[in-house]
Amino acid sequence: MINIPKGTKDVLPSQSHKWQFIEDCARSTARVYGLREIRTPVFEHTELFRRGVGETTDVVNKEMYTFEDKGGRSMTLKPEGTAGAARLFIENGLASSPMPVKTFYITPAFRYERPQAGRLREFHQFGIEVFGSASCRTDAEVIFAASAFLKSLKVGTRLELNSIGCKTCRAEYNRALKEYFAPHLSEMCDACRSRYEKNPLRMLDCKEEGCKKFTSGAPAITDYLCGECFAHFEGVKKLLNENAVEFTVNPRIVRGLDYYSRTVFEFVSDQIGAQGTVCGGGRYDGLLEELGANPLPAIGFAAGIERLMLLMENSGCPFPEPEKPRIYIAGMDENTRFEAFKITQELRTKGIYAETDLMERSVKAQFKYADKLGAEYVAVIGQTELSDGAVNVKKMSDGTQSSVKITEIYTYLSKNQ
Ligand code: ATP
Ligand code: MG
């Protein structure tokens, strides 16, 4: 027996309706926000993620599924959706379309991590990316979309917001961070020592307990924002307040990817343990230029579908029930099972979810099976029913029966919704 790879999960037929529900909520949110779906390949040139996600990130340093293809090219399974979305935008000349360009995706993502609750090696994200607008209203719109999506799932989360400024304010802030961390450096992890040299901001994102105790006392980026970044952040906060979206400013949020600038945010839950961030996002005004295109502001978020599922299960959020057959058409014997099959087929062509026997079951066993499926009605076709052209349709919930012409079963079901 060959087992499923570590850190991956099957979706079983009894569970797929939960996925579909979350995906439907994602698509409904996307629709009212005018976001159009994009799909990018599961693998890209490794260089895209090196440049797009950033050399100092855990994702690029430790977590990528990188392989050489038979042509000797270095390829990587997508660890996230933004870099691919940006490549799609650039490569297809979307910069010449009317701005902003508003997109969304639902995609698998791959990271070589230590699997635990809410942390997998293959996971799925619903993400949105909006290209071309630097306005704080766009930041607010993206945050509202995330909030509306989470509300439609009925999960409770809190929004944590921060601004990590632009290159100018970050240079000054990084100096302050270096000064603060210098005396503690010998007690911090290797990764943090390397981050200290290359990108001190990243130290705030360290997951090591030994490092976390130092990061909590670090200077806050919000005290170092330049005039423009400060005003932009004020604008975002004002819009959130005016639209009754609750948030707290958390100056420790820097996000795990290098391309972020200004607004960054996370929707967090306390109900799913250590992996509490169900949705993270932010502005990445520098990414397109980093990838060789003309500079263009952009902002987005990605929500982890498995973590949302976990949260919904842990907090007892109701998933809609999977659809049940409206009718089960049973056949009395060998011959009438074929007639039952034909009637079932006809109902299906009219859009009715109908079932019939495929297992040569007795009538009694067919009833039992129909009940297990949760069929709303059952009709038994026997020789008499065939010659009369009429059948007793039994409502399973109360046992009441009605005589219905075989040719009118569809009409009967339509009337009795
Ligand atoms: P974390 O701090 O938990 O590692 P991250 O900053 O690496 O998260 P992002 O790259 O921002 O996460 O991805 C966005 C969302 O995708 C996360 O908020 C989370 O819900 C989900 N996610 C990220 N990594 C995983 C994973 N390995 N397994 C399941 N979901 C994940
Ligand atoms: Mg991570």
Side-chain angles (χ1 to χ4, degrees), residues 5-9 11 19 22 26 49 52-54 56-65 76-86 104-129 142-143 145-147 149-150 153 155 157-162 164 191 195 199 201-209 211-212 215 250 252-260 263-284 287 299-314:
K6 196 172 162 187
T8 66
K9 272 193 177 151
V11 177
W19 283 81
I22 296 178
F49 302 116
V53 178
T56 61
T57 61
D58 279 356
V59 170
V60 168
N61 279 323
K62 302 192 234 167
E63 298 171 0
M64 293 207 301
Y65 275 91
T76 294
L77 301 185
K78 57 160 90 166
E80 52 89 63
T82 304
F104 83 94
Y105 53 79
I106 297 173
T107 184
F110 305 86
R111 296 184 193 178
Y112 196 79
E113 301 202 65
R114 195 166 66 76
Q116 50 201 291
R119 194 175 289 289
L120 292 140
R121 290 182 175 173
E122 182 188 30
F123 61 101
H124 296 78
Q125 292 185 329
F126 161 50
I128 84 172
E129 314 291 352
V142 167
I143 293 171
S147 164
F149 166 60
L150 296 170
L153 300 177
V155 294
T157 54
R158 59 170 194 281
L159 167 60
E160 301 199 347
L161 186 71
N162 192 21
I164 56 169
R195 290 172 185 132
N199 190 355
L201 186 78
R202 183 88 313 116
M203 295 170 83
L204 298 179
D205 203 32
C206 187
K207 305 273 188 313
E208 301 285 330
E209 285 307 321
C211 299
K212 273 189 190 168
T215 53
N250 178 354
R252 305 282 162 256
I253 293 183
V254 295
R255 310 284 308 123
L257 316 178
D258 270 355
Y259 46 57
Y260 286 107
T263 312
V264 288
F265 59 91
E266 290 184 353
F267 286 84
V268 189
S269 161
D270 298 321
Q271 290 177 54
I272 49 172
Q275 274 65 51
T277 305
V278 292
C279 173
R283 192 165 261 294
Y284 48 94
L287 177 62
I299 176 165
F301 72 71
I305 297 182
E306 283 84 353
R307 282 191 201 175
L308 287 169
M309 189 98 63
L310 200 62
L311 176 55
M312 291 177 75
E313 282 164 353
N314 285 5

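Numbering of ligands and ligand atoms starts at 1, following listing order. Nothing fancy with the numbering, it's 1 onward along the sequence.
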J.: Taking Arg307 for its side chain and Gly118 for its backbone only, find out whether a donor-acceptor pair lies under 3.5 Å.
T.: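 Such a contact is found between Arg307 side chain and Gly118 backbone.
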J.: Counting from 1, what ligand 1 atoms have a heavy atom of Val278 closer than 4.0 Å?
T.: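 Selected atoms, number and element: 18 (O), 20 (O).
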J.: Ignoring hydrogens, just give me the one of Glu306, Gln116, Arg307 whose non-hydrogen atom is nearest atom 19 (C) of ligand 1.
T.: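 Nearest option to atom 19 (C) of ligand 1, by heavy atoms: Arg307.
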J.: Shortest non-hydrogen contact from Glu113 to Leu120?
T.: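 Heavy atoms of Glu113 and Leu120 come nearest at OE2-O, 4.4 Å.
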J.: Nearest to atom 29 (C) of ligand 1 by heavy atom, Gly118, Gly276, Gly7: which?
T.: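 Considering heavy atoms of Gly118, Gly276, Gly7, the nearest to atom 29 (C) of ligand 1 sits in Gly118.
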J.: Under 3.5 Å, is there a donor-acceptor pair between the side chain of Asn250 and the main chain of Glu160?
T.: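 No: the side chain of Asn250 does not pair with the backbone of Glu160.
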J.: If we only count N/O pairs under 3.5 Å, is Phe123 in contact with ligand 1?
T.: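 Phe123 vs ligand 1: no N/O contact under 3.5 Å.
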J.: Please report whether ligand 1 has a polar contact with Lys207, defined as an N or O pair separated by less than 3.5 Å (distance criterion only).
T.: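 Yes, at least one N or O pair falls under 3.5 Å.
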J.: Determine, considering heavy atoms only, which of Arg119, Gln275, Glu63 sits nearest to atom 1 (P) of ligand 1.
T.: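 Comparing heavy atoms across Arg119, Gln275, Glu63, the nearest one to atom 1 (P) of ligand 1 lies in Arg119.
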J.: Could an N or O of ligand 1 be found under 3.5 Å from any N or O of Gly304, whether backbone or side chain?
T.: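 Between Gly304 and ligand 1, an N or O pair is found under 3.5 Å apart.
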J.: Mark up the atoms of ligand 1 that fall under 4.0 Å of a heavy atom belonging to Leu120, in ascending order.
T.: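 Per the distance check, 26 (C), 27 (N), 28 (N), 29 (C).
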J.: Mind checking whether Arg111 contacts ligand 1 via backbone (N, CA, C, O), side chain (CB onward), both or neither, at a 4.0 Å heavy-atom cut-off?
T.: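 The answer is the side chain.
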J.: Quick one: does ligand 1 sit under 4.0 Å from the side chain of Arg121, the backbone, both or neither, non-hydrogen atoms only?
T.: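 Neither part.
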J.: Is there side-chain contact between Tyr105 and Thr82, with heavy atoms separated by less than 4.5 Å?
T.: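 The answer is yes, as the side chains (C-beta and beyond) meet within the 4.5 Å cut-off.
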J.: Would you call Phe301 and Val142 a side-chain contact if the rule is heavy atoms closer than 4.5 Å?
T.: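 Yes - at least one pair of side-chain heavy atoms lies under 4.5 Å apart.
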J.: Given that the side chain starts at C-beta and the backbone is N, CA, C, O, which of these parts of Cys279 lies under 4.0 Å from ligand 1, counting heavy atoms, or is it both or neither?
T.: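 Answer for Cys279: backbone.
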J.: For ligand 1, which atoms sit closer than 4.0 Å to a heavy atom of Gln125?
T.: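 Contacts of ligand 1 toward Gln125, numbered from 1: 13 (O), 14 (C), 15 (C), 16 (O).
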J.: Between Phe123 and Pro79, which heavy-atom pair has the shortest distance, and what is it?
T.: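 Looking at all heavy atoms of both residues, the closest pair is CZ-O, 4.0 Å.
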J.: State whether Asp58 and Arg111 are salt-bridged, where the test is any N-O pair (Lys NZ or Arg NE/NH1/NH2 against Asp/Glu carboxylate O) under 4.0 Å.
T.: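 No, Asp58 and Arg111 are not salt-bridged.
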J.: For His124, is there any backbone N or O sitting under 3.5 Å from a side-chain donor or acceptor partner on Glu306?
T.: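 Such a contact is found between Glu306 side chain and His124 backbone.
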